[in-house]
Amino acid sequence: MAILESLNKEQKEAVCHYEGPLLILAGAGSGKTRVLTHRIAWLIEEKEVNPWNIMAITFTNKAAGEMRERVDQLAGDEAGRVWVATFHSTCVRILRGFIEMIGYGKNFTIYDSDDQKTLMKEVCRQLQIDTKKYRERMFLSAISAAKNEMISPADFQKQERDLFQNEMIARVYAEYQKQLAGNNALDFDDLLCKTVELFRSCPDVLAYYQERFRFIMVDEYQDTNKVQFEFVSLLASKYRNLCVVGDDDQSIYKFRGANIGNILNFEQVFPDAKVIRLEQNYRSTQNILSAANEVIRHNKGRKSKTLWTSNGDGCKVDFREFLNAQEEAEYVSGAVSQMVRQGDCRYGDCAVLYRTNAQSRLFEEKFLTANIPYRIIGGVNFYARREIKDLLAYLKTVDNGMDDLAVRRIINVPKRGIGAATIAKVQDYALSHAMSFYDALRAAKEIPGIGRSVSKLNSFVTLIQTLRSKQEFYSVKELLEDIAEQTGYIKELEEEGTEEAKERIENINELISRTSVYDETAEEPSLSGFLEEIALVADIDSAREGEDRVLLMTLHSAKGLEFPQVFMVGMEDGLFPGYSSVVSDDPTDLEEERRLCYVGITRAMKHLTMTGARMRMIRGETQIHMISRFVQDIPEELLSRGDSGEGGPLYRGSTGKGGAKERAWGGERAYGNGALPHEGHAYGGQMSGDDALFPRRSPDHQTSAYQQKREAFRARAYNTQQFEVKKSDGLSYKEGDTVRHVKFGVGIVQKITEGGRDYEVTVEFERFGVKKMFAAFAKLQKL
DNA sequence: CCATCCACGTTTTTT
DNA sequence: ACGTGGATGG
C-alpha cells in the first residue's frame, strides 16, 4: 500500500500499530513527523477510522501547522476533520464550550506574562507585600510550578505550611487566582489546569471528549508536564489508543515544568505499551551525528540509543574561537557571505543558534552591514509591543468588560486627563462594591470625591459602549480601525512625529492587516476568536517557509527545525552551559543544557560550525570565558579548527569597540585563525519585505549610524518586495479564472484591484460566497 | 497631572 | 548596557 512505501522497517511497524498504547522513541531527524502523519493516514484508509475521532497534539503552532499540512496531503478529503492542534489551543476550544460549568464566563481572556506581572503587582499592592523584597517573578514562578503540578491554592496552603516563605506564597496564590477569576481571565497554565478541572468535575464532558478522541497522538512527549500528562491520560483512559512520540535526549523545558519522567516511565504507566525505537537519522552527516552522540553520551538516566545514518561522513565540525563577540559575529557573517557567493548554499539554508536572545544583537548588526538578509525569531513578540497591547486592550474591553487589567491599561491612553488619584478612587469603589472596574466607571457619579473627573470618565464609557454597539455588524478589522481613529491613538502618534512614533504607526498598520487576514481566513470570524488566536502565537510561528534569509534564534526555538548550515555561537562555559547550571548543585541542570546542545547539533544537515569568544560583554560587564565543555566533549578527529598555526588575530582593532582591554588581548596568542576577511557584497537575496512589516523599535531617538543602516536596509527590503510583486506579474490568475483557496475551496475570480502593497482579489466561492482577500496571503491556485 | 531624572536589577530558555 | 519604575519638581 502506498502509505507504507518509503518507510523503513521500524517506521512501518509504528505506522501500522492499530490499538493500544504506543511509545515511539524517535531520535533527532529520524522522521517522527512522518511516522505520525502516515499513521493517521493509515488509520483512516486501512482501518477506516473516522478522521473525526483522531487527535494529534503538539506544543507549537508551527508544528501543528506542519502536521496539518502533511496530513491534508496524505489523507485526502476527510483529513480536515482530524483534530490537529497545540495543547493550549485545544484547551481553549474545550473551555470555550464548557467553562461555564466551572464558574467562568465563555469569553474569558487569556493573560500573557506581561499581564500576569501587572496583575501580580496589583495583588502584592493589595496584600501590602513589598515587591522590592519579594519579586513578582518569584511568586509567579512558584504559582506556575504549583499549577503545573496541579496544586490548587487550597492544597498549597495545606501542604506547604512548613516553610516560612510558602505561607506568603499561598496567600498570594489564592488572591492572584481570585483576581484572575474576577477579571474572567486565565493565564497560560490555567488553560491546562482548568480543562483538567473541568474533566474531573464534569464526567459527561470528559465522556464526550473520550468518545470523540478515540485515537490520540502526542508529539514531543518528553516536554509534557504533569497537567498535560493528566489531560492526555484522562482523554485516553477509555480507549487507551494513546501514541506518544518523543526523545528523552531532547527534553529541554524542565524550567517550565516538563517532566522527563513522563516519557521515561511510559512503560510503567502503560505496561502493555508497545515500544519502537527510531534510530536511523535521515537528516545529518555521520560526523555531525557522532559529535552529537559524543556530547549526549555524558548524560546519565537516559534511554541509551545511538543514532546512525547512511548519509556518509560529510565534513568535520568546524570550531573557531575568537577574542571577543564582535569578531565572532563578523566571522559568521563573513562565512555566510562567502558560502552564498560561492554558490554553496542560499541564505535561507543558514541558521545561527544561540543560548540567549541577547546574543542576537551583534549578529544583526553585522548582517546589516554585510547586506545579508536575515530574520530574528523570538525576542520581543510583536504582540507584546506597547502600542499593540494598548489597542488589543481596547478590543479586550469591548469583548470582555470584566477584564479590569485591560480597562485600566487604556483608561488614560491616549491621555484623557484621568490621573492616578481618580483611578484609585474608582478602584476602591469597585472593590468595596464587588463590581468590575468598568462597571464602577459606569456608575462614576456615585463615587464620592471624584469631582470634575466624572465627565471624563463618562465620555470614556460612552466611547466603549458605542464600540460595543458597533461590534455586531463590524468585522474585527473595522472595529480596530474605528478604535485607532476614534480614540485619537494614531493622531497622537502622528503629532509626535518621531522615528519611534512612525514605527509604532507601522506596527499598528501591521496589526490592522493581521485582523483583515483573520477576517478573511477564519471560519467564523469573531472578536473573541481573534483575541484567542493571537494570545497563543509565538514568534517562531511566523517564520515563513521558503524565505531566503538567514534565521537567527535561540536553541530552544530551533527544536524541530533543520538547516543545511548551522552556526552554534557563544560556545563558552558560563554562557552555554549557562552560569547557573554550572554552579548548580543539581547535576540535572547541566544535563538539560547538554540536551540543549544535542538539539542544536542535530539541527545541522550538512555542515556545523561552532564558535566561541574569549571575552564577552554580559549585562555591561566584560567576562572572560573558557571554551564550552560541550565542545571539549567532541573528539578531535571530528573537529576542524581552521588553518591553525600562524598569523595574528585578523580582526585586531577592527571593531572600534572594546578599546584598551581588547588590545591587551591582541598581543596574546592568536585565536580566530582562518577567519574570513569581511567583504561586503552586493545585496542579492530575494526579500519579502517583512522588515517593513515587523519593524523593531530602537531605544534612542537620535539616529545612530547603526540605525541609519537599518533604515536603509528596511527601505530596500520594502522596495524589493514591491518590485517583486509587480515584476513577476504577481498573479498566475486573472479575472474570470477558476481558483482554489485552502479553506474556501473553489471559486471564480471576480475582480483584481491593486492595493498599496499587494493585489486585492475578489473571489466568489461556490460554498462560501464572495470574499475579498490579499493575494499574498490567500495563496490562490489557478485550476 | 505630567515630564524628567535617577537608581536599580537583571531567570538563559516559552506556550 | 539597558529598560523600568519610582521619586521629584514644575
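In what follows, every heavy atom counts, from backbone to side chain, and hydrogens, waters and symmetry copies are set aside. None of these values were measured; they are calculated from a predicted model. Numbers restart at 1 for each chain; the letters A, B, ... are given by sequence-line order, proteins then strands.
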How close or far is atom P of B:dT11 from atom CG of A:Leu575, stated in whole angstroms? 13 Å
So A:Phe576, base contact, sugar-phosphate only, or nothing? Heavy-atom distance under 4.0 Å. nothing
Minimum-distance nucleotide (side-chain atoms of A:Arg361 versus B:dT11, B:dC2, C:dA1): C:dA1
If you pin A:Asn357 and A:Asn412 to their nearest nucleotides in DNA chain B, which one's is more 5'? A:Asn412
Would you list the protein and nucleotides 7-10 of chain B atom pairs, both N or O, that sit under 3.5 Å from each other?
{"unit_1": "B:dT10", "atom_1": "OP1", "unit_2": "A:Arg135", "atom_2": "NE", "d": "3.0"}

Rounded to the nearest Å, what distance is computed from the NZ atom of residue A:Lys117 to the P atom of nucleotide B:dT11? 11 Å
How would you label the contact of A:Phe255 with the nucleic acid (heavy atoms, under 4.0 Å): base, sugar-phosphate, or nothing? base
Can A:Thr356 and A:Gln359 be counted as having a side-chain donor-acceptor contact under 3.5 angstrom? yes
When we call it a touch if two heavy atoms are under 4.0 Å apart, what does A:Ile252 touch: a base, just sugar-phosphate, or nothing? nothing
Quick one: which of B:dT15, B:dT12, B:dT13 gets closest to the side chain of A:Ser581? B:dT12
Between atom CZ in A:Arg125 and atom C1' in C:dG6, what is the gap in whole Å? 15 Å
Kindly indicate whether the side chain of A:Arg355 and the base of B:dT13 share any N or O donor-acceptor pair separated by less than 3.5 Å? yes
A:Arg409 and A:Asp115: CA distance, side-chain angles, deciding distance, salt bridge (Lys or Arg N to Asp or Glu O under 4.0 Å) verdict: CA-CA 10 Å; A:Arg409 180 179 184 104; A:Asp115 303 327; 5.4 Å; no
A:Asp114 CG to C:dG3 C1', in whole Å, measures 13 Å
A:Ile534 atom CD1 is separated from B:dT15 atom P, nearest whole Å, by 15 Å
Looking at A:Tyr253, I'd like to know if the NZ or CZ of A:Arg256 sits under 6.0 Å from its six-membered ring centre while staying within 45 degrees of the ring's axis. yes
Could you state the interatomic distance from NZ (A:Lys117) to CZ (A:Phe139), rounded to the nearest 0.5 Å? 13.5 Å
In whole Å, what is the span from the CG atom of A:Asp589 to the C1' atom of B:dT11? 12 Å
Mind checking A:Lys121 for me? I need base, sugar-phosphate or nothing, with any heavy atom below 4.0 Å counting as a touch. sugar-phosphate
Could you pull out all residues at least two apart from A:Asp586 that satisfy salt bridge (charged side-chain N to carboxylate O under 4.0 Å, His left out)? A:Lys254
Starting at atom CZ of A:Arg256, determine the distance to atom C1' of B:dT14, rounded to an integer number of angstrom. 5 Å
Would A:Arg68 pass as a cation-pi partner of A:Trp83, given that its NZ or CZ must be under 6.0 Å from the six-membered ring centre and within 45 degrees of the axis? no
Could you tell me whether A:Arg629 and A:Asp573 have a side-chain N and a carboxylate O separated by less than 4.0 Å? yes
Would you say the base of B:dT12 and the side-chain of A:Ser580 have a donor-acceptor pair closer than 3.5 Å? yes
Separation of A:Leu555 atom CG from B:dT14 atom P, in whole Å? 10 Å
Answer with base, sugar-phosphate or nothing: what part of the nucleic acid does A:Glu593 contact at a heavy-atom distance below 4.0 Å? base
Can you pull the salt bridge (Lys or Arg N to Asp or Glu O under 4.0 Å) pairs that have at least one residue in residues 136-146 of chain A, sequence neighbours excluded? none
I want to check one thing: is the phosphate of B:dT12, taken as OP1 and OP2, less than 4.0 Å away from some side-chain N or O of A:Thr554? no
Check every strand shown and say whether A:Ser89 touches a base, only sugar-phosphate, or nothing at a heavy-atom separation below 4.0 Å. nothing
Checking contacts here: which listed nucleotide (B:dC1, B:dT11, B:dT14) is nearest the side-chain heavy atoms of A:Thr422? B:dC1
